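Atom set for the values below is all heavy atoms of this structure, side chains included, hydrogens, waters and symmetry mates excluded. All of these numbers come straight from a predicted model, not from anything done at the bench.
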Amino acid sequence: MNHAIDLLLIGGIMLLALGAHTLGQRMRVPRVTLLLLVGALAGPSVLDLIPVRVSDNFPLVTELTLAMVGFLLGERMSLRDLKDGREAIIVSLAVTLVTALVIFFTTWTVTGNLPASLLLAAIATATDPAATLDVMREAGSRGPLTRVVAQVVAIDDAWGAILFSILLVFAELFSGNGTAVFEAIGYGFYEVLGAMILGVVLGLPMAWMTGRLKPGEPMLLESAGFVFVAAGIAGALELSYLLTCMTLGIVVANRAHHHVRPFRSIEGIIEPFLATFFFLAGFSLDWDLLPTIGLLGIAYILARITGRILGGAIGGMLANSARMVRLRNGACLLPQAGVAMGLALVATDRLPEVSFILPLIIGSTVFFELIGPPTTMYNLHRAGETGRGYDEQTDDD
């Protein structure tokens with residue numbers, strides 16, 4: 001069979017990703033957004049430039065990509081990094097839970113759709129660490145607010161992925177598919193707990209092997225092999241492959257002597273998968289749904305802003321943070337990108353009846369990626385932590 005078109009498409013996506021990265025740096029727009037837009041323009045809903053059959057492999061690309069994303073998220077739950085970050089853990093948990101609650105009640109009020117409201121509540125908790133950290137580097141910020149926000153963005157995607165795995169089970173329970181309540185609840189416990197157990201069972205031998213192999217190709221083969229086998233077994237057992245691979249990463253991060261190596265190996269190969277993943281996500285987007293999410297989109301955006309700021313304030317009070325940290329940390333956590341869209345894709349794949357979630361998340365992500373970084377910069381500046389550095393008196397506010 002002649003795969004010339006497929007090879008041209010793969011090569012073209014790689015070059016588009018390179019172009020999107022370069023253009024995104026100049027325009028201050030995430031390359032994820034640009035790849036989604038290019039894929040959408042090339043798709044059947046707009047210019048119809050590429051055969052529709054290219055999307056046949058999208059489910060496989062989705063599982064491969066999110067399996068690696070889940071594994072990388074697990075690194076952020078290392079006890080070595082968290083034990084000295086009590087304040088950040090409390091703040092991140094508060095921001096995650098408050099944002100989820102505000103989004104849930106808002107979207108449920110607007111739509112009356114319980115499964116969609118549960119899924120949006122979990123998806124809204126994801127952030128974009130790259131955008132936030134890039135603003136901090138650009139501003140040269142230093143101080144208590146910078147420290148807390150940097151720690152929070154490193155772990156809140158992990159909390160969001162765990163919450164999503166749990167709420168996805170309940171969303172399926174309430175989706176009206178006719179499954180008995182106790183049977184659905186039992187399956188939910190099986191899916192979540194089974195995924196964690198499988199992640200631990202595979203994570204222990206992977207952690208033992210890490211450090212006993214030299215860096216390079218053997219480490220890459222080991223890392224990719226365990227991640228893909230974990231995702232494959234999870235799929236065969238009808239478990240959450242995202243949570244399985246995340247648990248795998250958590251075990252490796254906490255048990256392996258050279259825990260950094262497998263994560264750097266996966267980071268070295270994930271870029272082509274991410275590029276293909278986001279291009280095909282845009283390609284599969286149904287533009288006809290966009291006009292129908294106007295009111296919901298506005299409500300979602302306002303609710304997420306409210307949830308981040310309120311959650312940051314509550315978390316800061318619980319953690320006895322400095323006044324400036326309590327007031328401003330939530331506003332520094334607005335950017336949202338790839339993880340949120342990945343979770344939205346999983347949601348629409350599992351529950352096709354809530355397909356409007358994907359265009360909603362894409363649209364809101366563009367909005368938050370445009371206003372999020374300037375908002376973070378503004379709050380760091382107002383806290384006195386940019387430019388020449390942090391004034392020690394600020395910590396006593």
Side-chain angles (χ1 to χ4, degrees), residues 1-25 29-73 126 128 130 157 161 220-221 223-225 227-232 234-235 241-242 245 263-287 336-350 355 357-359 361-362 365-366 369:
M1 182 179 178
N2 190 344
H3 293 286
I5 294 179
D6 296 329
L7 291 172
L8 285 171
L9 177 63
I10 294 172
I13 291 174
M14 302 301 108
L15 294 177
L16 281 172
L18 177 62
H21 179 71
T22 304
L23 185 61
Q25 287 181 322
V29 177
R31 61 176 178 174
V32 168
T33 303
L34 295 176
L35 277 171
L36 283 164
L37 291 175
V38 171
L41 290 173
S45 297
V46 186
L47 300 178
D48 196 18
L49 298 178
I50 299 173
V52 177
R53 67 177 180 83
V54 302
S55 62
D56 292 345
N57 293 321
F58 188 42
L60 175 60
V61 173
T62 298
E63 292 192 21
L64 287 172
T65 305
L66 293 183
M68 290 186 282
V69 169
F71 178 72
L72 293 176
L73 286 176
D128 180 11
D157 276 351
L220 173 58
L221 293 177
S223 304
V227 171
F228 295 153
V229 165
Y241 63 86
L242 182 66
C245 293
F263 296 104
R264 299 296 85 81
S265 297
I266 293 297
E267 284 181 347
I269 64 169
I270 196 174
E271 287 296 325
F273 291 92
L274 285 172
T276 306
F277 171 70
F278 287 116
F279 178 88
L280 291 178
F283 183 86
S284 304
L285 178 63
D286 186 357
W287 285 80
Q336 188 174 43
V339 172
M341 283 183 273
L343 297 179
L345 284 162
V346 174
T348 54
D349 179 61
R350 295 281 290 270
S355 58
I357 285 180
L358 183 56
I361 295 301
I362 291 175
T365 294
V366 173
E369 285 293 333

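- For the atom pair CG of L358 and CG of L343, the computed distance is 11.5 Å after rounding to the nearest 0.5 Å.
- Checked against side chain to side chain contact (heavy atoms under 4.5 Å, CB included), I269 has the following partners two or more places apart in sequence or in another chain: M68, L220, A224, I266.
- In terms of heavy-atom proximity, A234 sits nearest to Y241 at CB-CA, 3.8 Å.
- When all heavy atoms of A67 and A231 are compared, the pair lying nearest together is CB-CB, 3.8 Å.
- Ring planes of F228 and F273: tilted class, angle from 30 to 60°.
- Counting all heavy atoms, side chain and backbone alike, A344 lies closest to I361 at CB-CG1, 3.9 Å.
- Closest heavy-atom contact between F263 and F71: CE2-O, 3.2 Å.
- Separation of atoms CZ (R264) and CG (L72) is listed at 7.5 Å; rounding is to 0.5 Å.
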